[in-house]
Amino acid sequence: MATTASLLPTFPRIFFLYLEPIFMTYGMLQNHAARLPIFELASTSSKPVPIPSLFMPSMANGYLFNMILYGLIILLASPPNKRLLQLHIWILIIADFTHWAGLFSTIAENDPRGWTAVLDTSNWSPQVWNLATYPISSLAVKFATLAGWFGKIQG
């Protein structure tokens, strides 16, 4: 039985079904397990959060994991639908921009300089660089897929 994923050219199909879910899951687990200082808002923020510092990242990871599963269900369990596939990719593009918004607001809240700290990349750890730059490649694949640079989306 054909699925919505079967409409994708080869590279985007591999990206959306395997690479992106693996990279996202790795990022969720790595950032949570490492207890990165960026998530320690309760101890360093001028406006401390009255909840354990990893509570919100844990909730965000749970939500993100559910969205990964939902996206895979759309790709693997729905009958071929080009419009649904295009909308799915646009939702993933929006998610990349909200990823940056969340990251940059966390940096701004965690640093006494506020939003100017977001532009000062000299203090960014390798983990923060990874969080900030991964969406660039992810967005490139998504926009290229929609533009047909890897081949035409069937349907």
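The first residue of the sequence shown is numbered 1, and numbering continues consecutively from there.
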(request) Following the transitive rule for hydrophobic clusters with a side-chain heavy-atom cut-off under 4.5 Å over Ile, Leu, Val, Met, Phe, Trp and Tyr, establish whether Ile136 and Leu92 coincide in one cluster. (result) yes

(request) Check whether any side-chain N or O of Ser105 sits under 3.5 Å from a backbone N or O of Gly102 as a donor-acceptor pair, and report yes or no. (result) yes

(message) If hydrophobic clusters are built by linking Ile, Leu, Val, Met, Phe, Trp and Tyr wherever their side-chain heavy atoms come under 4.5 Å apart, do Phe23 and Phe97 end up in the same one?
(response) yes

(request) Enter the distance from Thr106:OG1 to Asp111:CG here, rounded to the nearest 0.5 Å. (result) 12.0 Å

(message) Quick check: do Leu85 and Ile74 have side-chain heavy atoms less than 4.5 Å from each other?
(response) no

(request) State plainly whether one hydrophobic cluster holds both Leu7 and Ile14, where clusters connect Ile, Leu, Val, Met, Phe, Trp and Tyr through side-chain heavy atoms under 4.5 angstrom apart. (result) yes

(request) Kindly indicate, with the supporting measurements, whether the criterion side-chain contact (heavy atoms from CB on, under 4.5 Å) is fulfilled by Leu139 and Trp100. (result) CA-CA 12 Å; Leu139 277 170; Trp100 276 326; 3.5 Å; yes

(message) Between Ile107 and Trp115, is there shared hydrophobic-cluster membership here, with clusters defined by ILVMFWY side-chain heavy atoms closer than 4.5 Å?
(response) yes

(message) With a 4.5 Å cut-off on side-chain heavy atoms, are Leu131 and His99 touching?
(response) yes

(message) If I compare all heavy atoms of Thr4 with all of Ser78, which pair ends up nearest, and what's the gap?
(response) OG1-OG, 2.6 Å

(message) Once salt bridge (Lys or Arg N to Asp or Glu O under 4.0 Å) is applied, what residue pairs with a partner in residues 130-144 remain, sequence neighbours excluded?
(response) Glu20-Lys142, Asp96-Lys142

(request) Sequence neighbours left out, what passes side-chain contact (heavy atoms from CB on, under 4.5 Å) with Trp129? Give chain and number order. (result) Thr121, Trp124, Thr133

(message) Taking atom OH as the centre, does Tyr18 end up with more than 12 heavy-atom neighbours from other residues, nucleotides or ligands that are less than 6.0 angstrom away?
(response) no

(message) A side-chain contact here means heavy atoms from C-beta on lying under 4.5 Å apart; do Leu146 and Ile93 qualify?
(response) yes

(request) Would you check if the side chain of Ser6 reaches a backbone N or O of Thr3 as a donor-acceptor pair within less than 3.5 Å? (result) yes

(request) Following the transitive rule for hydrophobic clusters with a side-chain heavy-atom cut-off under 4.5 Å over Ile, Leu, Val, Met, Phe, Trp and Tyr, establish whether Trp90 and Ile68 coincide in one cluster. (result) yes

(request) Please name all residues satisfying ring pair (Phe, Tyr, Trp, His ring centres under 6.0 Å) with Phe11, sequence neighbours left out, ordered by chain then number. (result) Phe150

(request) Keeping the roles fixed (side chain from Ser138, backbone from Pro135), state whether a donor-acceptor pair exists under 3.5 Å. (result) no

(message) With a 4.5 Å cut-off on side-chain heavy atoms, are Leu8 and Phe15 touching?
(response) no

(message) Rounded at 0.5 Å granularity, tell me how far CD1 in Ile153 sits from CD in Gln86.
(response) 5.0 Å

